[in-house]
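What follows is a single structure, written as structure tokens, with notes after it.
Computed from a prediction, not measured in an experiment: that's the story for all the values here. The sequence lines fix the lettering, A, B, ..., with proteins before strands; numbering per chain opens at 1.
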Amino acid sequence: MIRSIDDPVSIMKGLLESLLISYRHDGSTQRLEVVFDYWKKTTGADRAFLRLRFSGVSEFSRTSGLVPDLQRFAASFSTADVKGGYVLQSVEIGQHNGIRVALGFGHSFGGISFNCTEVTADVRNARANKNGADWDYFDFDDGTPIQFEAPFG
Amino acid sequence: MPRLHMRATPLRYAACKAAADTRANGYFGWQNENNEFLDIDGNVVNQSAPDFSERTHIMYEGP
């Protein structure tokens with residue numbers, strides 16, 4: 001079950017060092033979705049995932065990192081498309097044409113920044129079963145299979 | 001010998017700033033040249049492992 005959680009701005013500030021799973025910016029709908037591994041799992045769950053959904057997104061910008069090859073990830077990123085991974089290293093939130101947000105994913109990757117009018121947050125808890133060298137995930141509440149790279153479908 | 005780099009975490013930065021005395025506490029993270037995350041023994045930790053976060057944040061205590 002996907003649950004909405006309150007106070008997404010505070011949630012964002014507490015996400016430092018969380019694994020970035022994906023982000024996707026859709027300029028036509030002015031929406032941006034960012035998914036992280038989430039440290040605050042419910043009792044009994046093996047893992048939790050967090051989705052931040054920003055609406056009214058404008059002035060989306062990809063901040064360059066030190067590795068040129070990673071600049072191919074501009075409007076979207078999935079951890080499935082890279083060998084390694086990136087964690088959230090910095091969060092800046094201010095007021096500028098609504099809410100101004102800058103998320104940094106380290107010196108190699110760089111980050112993203114944008115303005116938005118609204119942000120919401122959802123969490124999904126999961127159970128994990130080992131499958132060879134990998135892991136299979138299932139929704140904690142109803143057992144629905146979950147893809148690690150796309151835990152919110 | 002693989003090239004490794006230490007990811008100075010924000011928590012570690014905070015620990016450094018707070019270390020006006022002789023000791024600091026915090027966490028650090030290791031990643032190899034492919035940006036794969038390592039545990040305290042240098043083993044690559046699969047991102048899909050449920051204990052990924054715990055294994056890749058290595059507790060630091062020292063000067």
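- Taking a 6.0 Å sphere around NZ of Lys130(A), one finds it holds more than 12 heavy atoms contributed by other residues, nucleotides or ligands.
- Neither the backbone nor the side chain of Phe109(A) comes within contact range of chain B; no heavy atoms are under 4.5 Å apart.
- Proximity to chain B is limited to the backbone of Ala133(A), based on heavy atoms less than 4.5 angstrom apart.
- Outside the 6.0 Å centre-distance limit, the rings of Phe77(A) and Phe105(A) are not counted as a close aromatic pair.
- If you run side chain to side chain contact (heavy atoms under 4.5 Å, CB included) between Val35(A) and each of Leu20(A), Leu19(A), Ile21(A), Leu52(A), only Ile21(A) comes through.
- Contact between Arg100(A) and Glu59(A) at its shortest, heavy atoms only, is NH1-O, 3.8 Å.
- In this structure, the portion of Asp37(A) lying under 4.5 Å from any heavy atom of chain B is its side chain and not its backbone.
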